[in-house]
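Notes to accompany the following structure.
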Amino acid sequence: MTVEFVHISGGVTLLGGGAVAADDLQSALTIAPRLIAADGGGDRALELGAVPEAVIGDMDSLSAAARARLAGRIHEIAEQDSTDFGKCLTHVRAEFYLALGFTGLRLDHTLATLNEVAQRAGQRILLIGEEDVIFRAPEALAIDLPIGARFSIFPFGRVEGRSEGLRWPIDGLELTPDGRVGTSNEVASAVRLWLRGPALILLPKPHLPAALSALGLR
C-alpha cells in the first residue's frame, strides 16, 4: 500500500520501537505534534500514553494488542528492501522530521538508522537519542552553541571542508568512515561549517533548539 501524508508546513514526529524517554516524546510533540509510528513504535507510543495517527512498516514487530487498539491506522508495506524508518521517510512528506526510538537497543538497527539519515540529503531529519541530537550536515551550516559544547562530525563517505569556531579545525582534512573521523570536537566560538560529502552532526540533546534554528526550522 502506498501511504503519503502531505504537510504544507511544519514537522512530524516519527516514533520507533527503540529507546525513548517519555519526556523526549512530549517535547518532540510540542514542536511537531503529528505522530506517526514505525511498526513496533505503535506499541511504544501506547506505552507512553500517545496514540499515533498512523503506523507504517512491515508489521513484523507490532503486537496483536496494539494491532487491535490501532485498527484502521495500520499501513502495512511488505517489501524488505528498506527499514521501517525508511518506509516512514518515503511515505510521509513533511517539512522536517523529529525521530525518536530509532537508536539504542540493537546496534544494527541504530547503524541502519544513521545510514538512512546520511543518505537523505533532501529531507531534514533530526534523530533524538538517549544523549544526542543527530542530523545530516548541509553543505553550509551556521550554529551558535555554548563554548566547550561537544560537536562531533561523523563521515558516511569521503568528506572535506573547512570550519570556523571549532577547537580543532577540519580545514585540509579528509574524513572517511574507515579513516579519520571528527568525533568529540568542541565549540570555541560561533561555529560555521562548509562541507562536501555525507556527514552527520552529533550534538548533546539539550541543543535540539539550536539545531532546529540552524536548519531554518525555528
Side-chain angles (χ1 to χ4, degrees), residues 7-14 23-24 27-32 85-86 89 92-100 102-104 110-218:
H7 299 262
I8 295 174
S9 63
V12 63
T13 296
L14 301 180
D23 288 348
D24 286 343
S27 295
L29 289 172
T30 64
I31 300 167
F85 182 49
L89 293 172
V92 178
R93 302 300 183 190
E95 182 181 349
F96 65 95
Y97 306 79
L98 299 183
L100 304 91
F102 295 98
T103 62
T110 297
L111 289 171
T113 295
L114 297 175
N115 182 59
E116 195 79 53
V117 175
Q119 290 185 54
R120 291 179 178 266
Q123 291 173 284
R124 290 181 286 190
I125 306 160
L126 295 99
L127 291 175
I128 301 172
E130 299 95 316
E131 302 291 338
D132 300 287
V133 56
I134 306 163
F135 58 94
R136 176 171 166 142
E139 291 183 359
L141 177 71
I143 186 168
D144 294 321
L145 296 165
I147 304 301
R150 173 172 52 84
F151 192 102
S152 293
I153 304 170
F154 197 93
F156 270 73
R158 177 179 174 180
V159 175
E160 296 177 319
R162 59 189 180 91
S163 65
E164 296 176 359
L166 293 179
R167 181 177 178 184
W168 294 284
I170 66 167
D171 304 52
L173 300 180
E174 179 181 290
L175 306 180
T176 61
D178 60 350
R180 182 191 294 268
V181 297
T183 58
S184 297
N185 211 323
E186 292 181 9
V187 173
S189 62
V191 173
R192 305 293 181 264
L193 285 181
W194 297 268
L195 295 176
R196 295 183 300 278
L200 299 185
I201 304 298
L202 296 86
L203 307 174
K205 187 166 59 178
H207 301 316
L208 173 62
L212 288 167
S213 180
L215 294 174
L217 302 175
R218 290 292 289 266

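FYI, side chains are in, hydrogens and waters are out, and symmetry mates aren't considered; it's all heavy atoms of this structure. For reference, positions follow the sequence shown, starting with 1. The structure displayed is predicted, hence computed values, not measured ones.
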>> Show every salt bridge (charged side-chain N to carboxylate O under 4.0 Å, His left out) that has at least one partner inside residues 202-211, sequence neighbours left out.
In response: D24-K205

> Which heavy-atom pair separates V159 from G197 by the least distance, and what is that distance?
Replying inline: CG2-C, 3.8 Å

> So, the side chain of S213 versus the backbone of P209: is there a donor-acceptor pair under 3.5 Å, distance only?
Replying inline: no

> Mind checking what makes side chain to side chain contact (heavy atoms under 4.5 Å, CB included) contact with E130, not counting sequence neighbours?
Replying inline: A19, T103

>> I need the full list of ring-ring contact (aromatic ring centres under 6.0 Å, His included) pairs touching residues 165-218, with sequence neighbours left out, sorted by first then second residue.
In response: none

> Backbone N or O of L215 within a donor-acceptor pair of the R124 side chain at under 3.5 Å?
Replying inline: yes

> Is there a side-chain contact (heavy atoms from CB on, under 4.5 Å) between F102 and L114 once you walk through the steps?
Replying inline: CA-CA 9 Å; F102 295 98; L114 297 175; over 6 Å; no

> So, for L203 and A211, which heavy atoms are closest and what is the spacing to 0.1 Å?
Replying inline: CD1-CB, 4.4 Å

> From I128 CD1 over to L208 CG, what is the distance, rounded to the nearest 0.5 angstrom?
Replying inline: 5.0 Å

> Side chains of L14 and L100: closer than 4.5 Å at any heavy-atom pair?
Replying inline: no

> What pairs with Y97 under ring pair (Phe, Tyr, Trp, His ring centres under 6.0 Å), at least two apart in sequence or on another chain?
Replying inline: none

> Can you list every pair that meets side-chain hydrogen bond (donor to acceptor under 3.5 Å, both in side chains) and has a residue in residues 179-190, with sequence neighbours left out?
Replying inline: R167-E186

>> Distance check, rounded to the nearest 0.5 Å: I170 atom CD1 versus E164 atom CD?
In response: 11.0 Å

> Mind checking what makes side chain to side chain contact (heavy atoms under 4.5 Å, CB included) contact with P169, not counting sequence neighbours?
Replying inline: S163, D171

> Looking only at heavy atoms, which two atoms of P177 and P155 are closest? And how far apart?
Replying inline: CG-O, 3.5 Å

Would you list the atom pairs, donor with acceptor, under 3.5 Å between side chains in residues 131-146 and any protein atom, with sequence neighbours excluded?
unit_1	atom_1	unit_2	atom_2	d
D132	OD1	R150	NH1	2.8
D132	OD1	R150	NH2	2.7
R136	NH1	A118	O	2.3

> Can you name the residues that form a ring pair (Phe, Tyr, Trp, His ring centres under 6.0 Å) with F96, not counting sequence neighbours?
Replying inline: none

>> Quick one, L193 and F151 - any side-chain contact, counting heavy atoms below 4.5 Å?
In response: yes

> From L98 CG over to L126 CG, what is the distance, rounded to the nearest 0.5 angstrom?
Replying inline: 6.0 Å

>> L29: which residues meet the side chain to side chain contact (heavy atoms under 4.5 Å, CB included) condition with it, sequence neighbours left out?
In response: T13, L25, Q26, L35

> Taking only residues two or more places apart in sequence, or in another chain, which ones meet E160 in a salt bridge (Lys or Arg N to Asp or Glu O under 4.0 Å)?
Replying inline: R158, R196

>> According to side chain to side chain donor-acceptor pair (under 3.5 Å), who are the partners of T176, at least two apart in sequence or on a separate chain?
In response: D178

> Do the side chains of I31 and L217 get nearer than 4.5 Å, heavy atoms only?
Replying inline: no

